[in-house]
Amino acid sequence: MSQLVRYEVRDRVAVVTIDNPPVNALSGGVPEAISEAVERAGQDPAANAIVLIGAGTTFIAGADINIFKELRTREQSIERSSAIHARLTMLEDASKPLVAAIHGHALGGGLEFAMACHYRVAVATARVGQPEVHLGIIPGAGGTQRLPRLCGPALALEMCTDGRPVDATRAREAGILDAVIAGDLLDGAIAFATARAAANERRRTRDLREKIGDRAAGIAACDAMRAALGKTARGARAPFAAVEAIEAGITLDFDAGSRREMELFADCVLSTESKAMRHLFFAEREVAKIPDVPKDTPSRKITRAAIVGAGTMGGGIAMAYANAGIPVLLKDVDQATLDRGLAIIRRNYESTVSKGKMTPEAMATTLARITPTTSYDGFGDVDIAVEAVFEHMDLKKTTFADLGRVTRPDTILASNTSTLDIDELAASSGRPAQVVGHHFFSPANVMKLLEIVRGHDTSKDVIATSLKLAKQLNKVGVVVGNCFGFVANRMLAYYMRESYLLLEEGASVSQIDNALTDLGLPVGPFGMQDIAGIDVGWRIRQHLKSSGKTRAEGPQSAVPDRLYEMGRYGQKTGAGWYRYESGSRTRIPDPIVDDVAAEEAVRRGVTRRAVSNEEIIARIMTALANEGARVLEEGYAIRASDIDVVYVNGFGFPRHRGGPMFYADTVGLATVLARVNEYRARFGDYWQPSPMLKKLASEGRGFHSDAE
Ligand code: CAA
């Protein structure tokens, strides 16, 4: 028997232990070895029952995600699924009671293995789920057929479409688990299995139909889920395929339903959507690996924090810390400013409570972690101080000088600047090794991205600590270099440049926004600016102008400045790129903006024309990929996949497109390069292909090796 699966008999129960670190994925012969062990137990006179358990920190985290890229055709996928289904049927037909003993996670194929056992027991902290939609696929080993038989269609639909695991208590109540074990899991599972053997009981999940219930009600539940997904999963395929597979289980028998699941799985696993999402799964883990900062680099524990600046960003960052259980001082210049900031924080929490996502008690505890202050008292006790004052170099430098004075020598000093030079700030602190950029994205308590900006002197342990802290704050930390706008905003400048120019050329604000939301973005460039504030961009442009710079080379549209001059700052003033009725966030197209764009087109000698949605997407995505390549070339991002992680987590770039660099690979870099050259001929020399793009395209390669 393989080393990955161990067999022993304890108290007349065969214990089959999977030991495939780190997460007991079903790879390297694990499924075969489990079957062998169960077969052996069936014939072992010393065993009356069987327990399947995981070694280490978890039961089984599912199939090995790497194996899906081996699947090249539908037939091959269906053949492989048939073999897994047959293996699970064999487990289910075991002649002795077979009990899955779950701790940590039973996810994907892991839960499917558990559901093919006759019974499932778990510790209270265990979680079970079908997260396949996060990989652009559906459960492929009978999950869509067995899960509704255990818990009914409603919960099965929820679990297979949102992919979130459920905890042991809920799983027990719903019927997915048969018992929650209070003491030692293996002892409890052995006792449970022994009792089933004594009573001569075995229950095959595939034989259960009662929970599936009435056919018409089941179909109605599927229809309702499709309608809901129409709003929340626009452009994605896997969640809808999961509904279809569950519906097949409601209307057909187990074998026919399973067959349908295999077909749908095959369609999904071969899709670009799935390749993109699997790419992101690994990209989001890869991002924490910094070549010259090894895993064992010492990091510090962050137990207390302080934030300077109680505005929108500072308040959101304070919430992120408080949510993670870290007490935080929140400083601003005077009591009135602090009171305003705290009132917003309170309102945000109240809104979470009113949606039932937080209890009033939890709100009180979390709020109590935020201590407002108008002085630096207590800053000597914090492990990190985050500067989130107004985006102004002199002000930030003064703040860093203060922080260098009032904090301990080992306190990390982080700046939330979105554009300013970290090294300049670091110098004013007097201890540049402790200084790092922590660039949060608005709203900072919600958005997952944290750009960790590495300055020239930032120490390795500050980088290691920042990465750990990002996880603690429930963020995805991406280490980036110190260039203007870092990675996210540097590339955004090109995204915005093309949006403005397309507008001047004749596309409307809503056409451009809709083209991007159709691609899967949550909001288009103009809707986004109306949320962020047109005044914010204006201020950055003024700062740049004063130093003779522009954010992205090429024509600088005057339309955003004109809106600023008209007092149209976005949602906060009731008008920006759109207009808004009082108290509403519904975007209403405003012909005034088109008039301004038309005037600017005349001024710049641009002939207006009908612009297609395809051109909008192609121009904007090409600009992003080309600049992304430059960011890589210049070493400001470590890997192309890091840029994808930045865009997905910072700006809601659709996961099923894999990020802007992965998307470029799916378009084909030869096509992307041809577009850059075409735009250069049409619009001017400010379009220049990056050398990296040229090189990769000429070699027939992509930014990533997993995109073919
Ligand atoms: N396949 C391959 N590698 C996996 C994996 C999987 N299913 N699950 C985790 N890993 C790897 C990670 O890439 C990571 O590797 P590195 O250390 O080299 O970066 C390592 O295991 C540890 O993973 P995490 O960093 O994510 O560890 P964690 O403790 O934070 O989380 C977890 C553990 C909750 C299990 C999380 O890893 C997870 O959610 N895994 C994926 C679960 C999943 O999607 N399962 C479904 C697979 S598809 C399937 O099963 C289809 C089917 O029907 C047959």
Side-chain angles (χ1 to χ4, degrees), residues 4 18 20-28 30-31 34 54-71 77-88 91 102-116 125-147 156 159-160 162-167 238 241-242 245-246 258 261-262 264-266 268-270 274-275 277-290 294-296 467-468 470-472 474-477 639 641-642 645 655 706:
L4 302 177
I18 307 145
N20 185 19
V23 292
N24 291 330
L26 295 164
S27 59
V30 167
I34 293 173
T57 55
T58 201
F59 179 66
I60 303 173
D64 181 345
I65 296 165
N66 288 299
I67 62 159
F68 298 129
K69 59 175 176 262
E70 291 166 16
L71 300 173
S77 172
I78 291 175
E79 200 179 303
R80 191 186 282 238
S81 294
S82 299
I84 301 169
H85 275 254
R87 186 177 303 288
L88 293 187
L91 289 188
I102 302 169
H103 72 302
H105 287 89
L107 298 177
L111 179 56
E112 289 169 310
F113 261 73
M115 291 191 294
T125 51
R127 286 152 73 78
V128 302
Q130 298 284 178
E132 286 87 343
V133 279
H134 297 313
L135 304 168
I137 53 175
I138 64 168
T144 62
Q145 306 303 301
R146 285 195 178 86
L147 188 57
M159 288 173 66
C160 293
D162 76 12
R164 276 203 293 270
V166 297
D167 63 30
I246 290 173
S258 297
E261 180 194 89
M262 291 178 215
L264 288 160
F265 176 87
C268 289
V269 81
L270 297 172
S274 175
K275 286 179 193 148
M277 294 176 92
R278 284 184 268 132
H279 158 72
L280 282 173
F281 176 85
F282 291 112
E284 284 178 346
R285 283 154 181 85
E286 196 67 17
V287 90
K289 297 171 189 161
I290 312 303
K295 227 177 166 182
D296 55 2
L467 281 163
K468 281 222 174 96
K471 251 193 161 176
Q472 213 180 332
N474 196 23
K475 307 281 175 209
V476 181
R639 295 158 279 247
S641 59
D642 286 11
V645 173
R655 298 186 78 86
D706 56 350

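Read the numbers this way: they start at 1 and go in the same order the structure lists the ligands and their atoms. These values consider heavy atoms only, across backbone and side chains, with no hydrogens, waters or symmetry-generated copies.
In terms of protein heavy atoms, atom 53 (O) of ligand 1 is closest to Glu112 OE1, 2.6 Å. Protein heavy atom in closest approach to atom 2 (C) of ligand 1: Asp64 OD1, 3.3 Å. Given atom 7 (N) of ligand 1, the protein heavy atom at minimum distance is Ala63 O, 2.8 Å. If you check which protein heavy atom lies closest to atom 3 (N) of ligand 1, you get Phe282 CE2, 4.2 Å. Looking from atom 1 (N) of ligand 1 to the surrounding protein, the closest heavy atom is Ile65 N, 2.9 Å. The single protein non-hydrogen atom nearest to atom 35 (C) of ligand 1 is Ala61 CB, 3.6 Å, given as residue, atom name and distance. What sits closest to atom 8 (N) of ligand 1 on the protein, heavy atoms only, is Val23 CG2, 3.5 Å. Taking atom 21 (O) of ligand 1 as the reference point, the nearest protein heavy-atom neighbour is Pro22 CG, 3.4 Å.
When all heavy atoms of Val269 and Arg278 are compared, the closest pair comes out as O-NH2, 2.9 Å. Taking each heavy atom of Arg127 and Asp167 in turn, the nearest pair found is CG-CA, 4.1 Å.
Note: Ile84 CD1 to Arg80 CZ = 7.0 Å, rounded to the nearest 0.5 Å. Of the inter-residue distances, the one linking Ile102 atom CD1 with Leu111 atom CG reads 6.5 Å to the nearest 0.5 angstrom. Arg146 contributes atom CZ, which lies 11.0 Å from atom CD of Gln130 (distance to the nearest 0.5 angstrom). In this structure, the separation between CG on Leu26 and CG on Asp64 is 9.0 Å, given to the nearest 0.5 Å. Separation of atoms CG (Leu107) and CZ (Phe59) is listed at 10.5 Å; rounding is to 0.5 Å. Atom-to-atom distance recorded for His134:NE2 and Ser274:OG is 13.0 Å, nearest 0.5 angstrom.
Counting protein heavy atoms under 4.0 angstrom from atom 13 (O) of ligand 1 gives one or more. There is a protein heavy atom less than 4.0 angstrom from atom 47 (C) of ligand 1. Note that atom 31 (O) of ligand 1 has no protein non-hydrogen atoms nearby, at separations under 4.0 angstrom. Atom 27 (O) of ligand 1 is never approached by the protein to below 4.0 angstrom, counting heavy atoms only.
The shortest N/O to N/O separation between Asn66 and ligand 1 does not fall below 3.5 Å. The distance criterion of under 3.5 Å between nitrogen or oxygen atoms is not met by Pro139 with respect to ligand 1. Note: no N/O pair closer than 3.5 Å links Leu107 and ligand 1 by distance alone. Annotation: Gly109 places an N or O atom under 3.5 Å from an N or O atom of ligand 1; distance criterion only. The distance criterion of under 3.5 Å between nitrogen or oxygen atoms is not met by Lys471 with respect to ligand 1. Remark: ligand 1 and Phe265 share no N or O pair separated by less than 3.5 Å (distance only, no angle test). Of the N or O atoms in Lys295, none lie within a sub-3.5 Å distance of an N or O in ligand 1.
Atoms of ligand 1 lying under 4.0 Å from any heavy atom of Phe68, numbered from 1 in the order shown and given with element: 48 (S), 51 (C). Each of the following atoms of ligand 1 lies closer than 4.0 Å to a heavy atom of Phe281: 8 (N), 9 (C), 13 (O), 40 (N), 41 (C). In the vicinity of Gly62, heavy-atom distances shorter than 4.0 Å reach the ligand 1 atoms 50 (O). Residue contact check: Gly108 has heavy atoms under 4.0 Å from atoms 46 (C), 50 (O) of ligand 1. The Lys289 neighbourhood of ligand 1 comprises atoms 16 (P), 18 (O), 19 (O), with distances under 4.0 Å to a heavy atom of that residue. Of all atoms in ligand 1, numbered sequentially from 1 with element shown, those under 4.0 Å from a heavy atom of Leu135 are 44 (O), 47 (C), 48 (S).
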Apply salt bridge (charged side-chain N to carboxylate O under 4.0 Å, His left out) to Arg655 and Glu284, showing your working. CA-CA 12 Å; Arg655 298 186 78 86; Glu284 284 178 346; 3.0 Å; yes
Where do Ile18 and Val30 land on the side chain to side chain contact (heavy atoms under 4.5 Å, CB included) test, with the steps shown first? CA-CA 7 Å; Ile18 307 145; Val30 167; 3.7 Å; yes
Please report the C-alpha distance between Leu88 and Glu112 in whole Å, then the side-chain angles of each, then the deciding distance to 0.1 Å, and finally whether the side chain to side chain contact (heavy atoms under 4.5 Å, CB included) criterion is met. CA-CA 8 Å; Leu88 293 187; Glu112 289 169 310; 4.3 Å; yes
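No side-chain donor from either of Ser258 and Gln145 sits under 3.5 Å from a side-chain acceptor of the other. Neither side chain, Ser27 nor Asn66, offers a donor N or O lying under 3.5 Å from an acceptor on the other.
Checking side-chain atoms of Asn20 against main-chain N and O of Gly28 turns up no donor-acceptor pair under 3.5 Å. Looking at Glu261, its side chain never comes within 3.5 Å of a backbone N or O of Ala245 through a donor-acceptor pair. No donor-acceptor pair closer than 3.5 Å links the side chain of His103 to the backbone N or O of Ala126.
For the pair Arg285 and Phe281, the cation sits on the ring face: its NZ or CZ lies under 6.0 Å from the ring centre, inside 45° of the axis.
Across Glu284, Arg285, His105, His134, heavy-atom proximity to atom 38 (C) of ligand 1 is greatest for Arg285. When Ala288, Pro131, Gly140, Gly129 are ranked by how near their heavy atoms come to atom 44 (O) of ligand 1, first place goes to Pro131.
Heavy-atom distances between Gly143 and ligand 1 stay at or above 4.0 Å for every pair. Taking 4.0 Å as the cut-off, Thr58 does not count as a neighbour of ligand 1 on heavy-atom distance.
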